[in-house]
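Right, one structure below, let's go through it.
Here the structure is a predicted model, which is why all the values come from computation and not from measurement.
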Amino acid sequence: MSYLLALDAGTGSIRAVIFDLNGRQIAVGQAEWKHLSVENVPGSMEFDLVTNWQLACQCIRQALERAGLTAADIQSVACCSMREGIVLYDRNGDAIWACANVDARASREVAELKEIHDYRFESEVYDVSGQTLALSAMPRLLWLAHHRPDIYRNAATVTMISDWLAAKLSGELAVDPSNAGTTGMLDLFTRDWRPALLDMAGLRADILSPVKETGTVLGAVTKAAAQQSGLREGTPVVMGGGDVQLGCLGLGVVRAGQTAVLGGTFWQQVVNLPQVRTDPDMNIRVNPHVIPGMAQAESISFFTGLTMRWFRDAFCAEEKLIAERLGVDTYSLLEEMASRVPAGSHGVMPIFSDAMHFKQWYHAAPSFINLSIDPEKCNKATLFRALEENAAIVSACNLAQISRFSGVQFDSLVFAGGGAKGALWSQILSDVTGLPVRVPEVKEATALGCAIAAGAGAGLFSDMASAGERLVSWSREFTPNPTHRELYDGMMQKWQAVYTEQLGLVDSGLTTSMWQAPGLKERTVSP
C-alpha cells in the first residue's frame, strides 16, 4: 500500500502524521517545542532552528515505527505550519534566524510603518495583501534592520516555517501563497510577491523566494535528510501551506461560499470567497486558500479554548476529580451540567474576545457581566454554558461582518477542532447562527489536508479539491432550535452594546485590556 506523510509544525508542537490513500490516520509522532524569548527584547519568541529540526526528525522516525512501516512505504511528504512565523537564510541557503508566529517584538516598528504616507500605507498593504501590519513580516524585518543589522545584511531569502521544513528535507527554497500571504508582502490577486510594498517600507526587496502553489513538487528528500529523518532518499517533497487553509482542505471546504468554524485555542471563522476581494472596513483578514485562485475571509476569536481551560482549572477542581474517577473528560462532565441550564444562561454575559476589527484591534478586560447572587441560577454550570454561548455569539458576529462585505449568504457550517467535541457547543452554535452545523469525523484536519497536498503532488490524487471532498466523512449534524433563535438574537445585540461600554473602560484606564494588536496606542494589558 501507499502512504503519505504530513509534517505539521504548530505553535506548541511538531507532529509527523501518516495517512493511507483513503485518508485514514495510521500513526503519529509528536513532540512539544518551546519558543524562547531573547533577554531584553520584550515580546520576542525565537524559533530554535537546530533543536526543532531534531524534534521533527524524531517525530518522523517515531511515526514510522508506530505504523510498522519502512521508509519505502512513504510515497510523498508535505509540510504545513503555523502562519506568520518566518525564517531567513544566507546566500548559501543556510537558515540564520527565525521567529514563531507569536513573536511580538516589533510593536514600535508597526507604529512607524503605520505613520508612513500619513497612515495610508497600512491601507495599501491591506488592499493588496488582505493583511494589516500587526501580524505581518515587514515590522519584524524592520526590527532586524534596526537591532540586528548583521542578520539583516546577510539575509538573502525569506520563507515561512513550513517551507523551512520542506527545505531541510529537499534542499530547495520556495514559498506557497497560503502561508506566505500572511507576511503582508504577497498580492492576493496575483498570488505572487509585491516588491513595491517592501520598497515603500524602506526594506530590501531582493530577499523574496520563488512562489510555488500548494500540491506542486518542490524537490526530493536528500541523502543527508534521509539519514537524519529516516525517510527514503528521493521521496517527493511537495509544497504544503498554512495550517488553517490546509485544515479547510482536510474538511472538504474547497468551494466558493463554503464556511467553517475551527474551534481551538483561538477560533477561526473562514469563508471561501466567490471572488478575491478585501473588506472596505478592514475588519476581516483575507488570505489565499490552498486551492489555486481562491481566497478566504478569516475572522479570529481570541483565546476561546484558552478561556475554557482557565475556567476548568481555576474553578472546577471538584469536577476534574469526579471526571477522573468516572473515566470521562472534564469538559464532557461540565457540558452535561451546562445542558441543564436554560438557553440564555440566566442573562450572564461573558466579556472576553471581541468580534474582529483587524484595523484597530484590542479587547476589553476579561469579565462576567450580569451575575446574580442566586446560587441556583448563578453557578459553575451557568458560567460554563454562558462561555459556550458567548463563543458562538462572537462567531456569529464575525460571520455577519464577512457576509456584509462579501455578499456570501451561508447555508451551513462545518465545525471542527476541540470545540466540536462537545454536542452542547455544536448545538448552541447552530442555534445562535440559525444554520445547520456539520461535525466531521476527522480529528487531524490540518495534517490530512497536508497529506492530500502530498498525494496530489505525487500524482496519487487527480486534484486537491476533489480529494478533500471525497476523504472527509461526517460524525454528526445539528439543526437550529427555532425556539432559541429570537432569544440569542436579543442576547447578541445586548452583548455588542455592553462590549462597547467595556472598551470605553479600557480607554479610560479604569480596566486592563485582555489583548491588543502591536502598534496601537499603549493600553494596560492583563497578564
*Between Ser129 and Asp187, is any side-chain donor less than 3.5 angstrom from a side-chain acceptor?*
no
*Is any side-chain N of the basic residue among Asp103 and Arg140 closer than 4.0 Å to the acidic one's carboxylate O?*
yes
_Applying side-chain contact (heavy atoms from CB on, under 4.5 Å), can you list everything that pairs with Ala423, at least two apart in sequence or on another chain?_
Arg476, Phe478
*Stepwise side-chain contact (heavy atoms from CB on, under 4.5 Å) test for Gln401 and His357*: CA-CA 10 Å; Gln401 290 191 128; His357 301 290; 3.6 Å; yes
*Do Phe352 and Phe303 have their ring centres less than 6.0 Å from each other?*
no
*Does the side chain of Asp176 come under 3.5 Å of the side chain of Thr214 through a donor N or O and an acceptor N or O?*
yes
*Derivation of the side-chain contact (heavy atoms from CB on, under 4.5 Å) call for Leu435 and Asp411*: CA-CA 6 Å; Leu435 297 169; Asp411 55 18; 5.6 Å; no
_side-chain contact (heavy atoms from CB on, under 4.5 Å) evaluation trace for Glu388 with Leu424_ = CA-CA 8 Å; Glu388 291 200 338; Leu424 178 62; 3.6 Å; yes
List the atom pairs, donor and acceptor, that lie under 3.5 Å between side-chain atoms in residues 391-398 and the rest of the protein, sequence neighbours left out.
residue : atom : partner : partner atom : Å
Ser395  : OG   : Gln269  : NE2          : 2.9
Ser395  : OG   : Ala391  : O            : 3.2
Asn398  : OD1  : Met356  : N            : 2.8
Asn398  : ND2  : Gln269  : OE1          : 2.9
Asn398  : ND2  : Val394  : O            : 3.4

*Is there a donor-acceptor contact under 3.5 Å from the side chain of Ser403 to the main chain of Ala400?*
no
*What class does the angle between the rings of Trp267 and Trp425 fall in, given that below 30° is parallel, 30 to 60° is tilted and above 60° is perpendicular?*
tilted
*Do the numbers put Arg277 on top of the ring of Phe405, so that NZ or CZ is under 6.0 Å from the six-membered ring centre and no more than 45° off the axis?*
no
*Go through the structure and list residues passing side-chain contact (heavy atoms from CB on, under 4.5 Å) with Thr222, not counting sequence neighbours.*
Ala224, Ala225
_Test of ring centre spacing under 6.0 Å for Trp164 and Trp97_ = no
Identify each donor-acceptor pair in which a side-chain atom of residues 249-264 lies under 3.5 Å from a protein atom, sequence neighbours left out, and give them as a table.
residue : atom : partner : partner atom : Å
Arg255  : NE   : Glu469  : OE2          : 3.0
Arg255  : NH2  : Glu469  : OE1          : 2.9
Gln258  : OE1  : Val254  : N            : 2.6
Gln258  : OE1  : Arg255  : N            : 2.7
Thr259  : OG1  : Gly257  : O            : 3.3

*Enumerate the residue pairs fulfilling salt bridge (charged side-chain N to carboxylate O under 4.0 Å, His left out) with a member in residues 235-246, sequence neighbours excluded, ordered by first and then second residue.*
Arg83-Asp243
_Heavy-atom donor-acceptor pair, Gln245 side chain to Pro288 backbone, under 3.5 Å_ = yes
*asked:* Under a 4.0 Å threshold between the charged nitrogen and the carboxylate oxygen, would Glu84 count as salt-bridged to Arg285?
replied: yes
*Identify the two heavy atoms, one from Val102 and one from Thr11, that lie closest to each other, and give their separation to 0.1 Å.*
CG1-CG2, 4.1 Å
*Taking all heavy atoms of Val472 and all of Pro440, pick out the closest pair and write down the distance.*
CG2-CB, 4.3 Å
*Minimum-distance pair of heavy atoms, taken over all atoms of Asp163 and Val175*: OD2-CG1, 3.4 Å
_Salt-bridge criterion met for Arg105 and Glu46 (N-O under 4.0 Å)_ = yes
*Closest contact, heavy atoms only, Leu133 versus Glu122*: N-OE2, 3.0 Å
*asked:* I'd like to know if the side chain of Tyr126 pairs up with that of Gln131 as donor and acceptor (distance under 3.5 Å, no hydrogens or angles considered).
replied: no
*What closest approach, in Å, do Met82 and Ile161 show between heavy atoms, and which atom pair accounts for it?*
CE-CD1, 3.8 Å
_Those residues that, when tested against Glu213, pass side-chain contact (heavy atoms from CB on, under 4.5 Å) (two or more places apart)_ = Pro177, Arg191, Thr216, Pro292
*Got a donor-acceptor contact below 3.5 angstrom from the Arg438 side chain to the Leu413 backbone?*
no
*Mind checking the CZ-CG spacing from Phe47 to Asn101? Nearest 0.5 Å is all I need.*
10.0 Å
*When you check the side-chain N and O atoms of Gln296 and Asn272, is any donor under 3.5 Å from an acceptor?*
yes
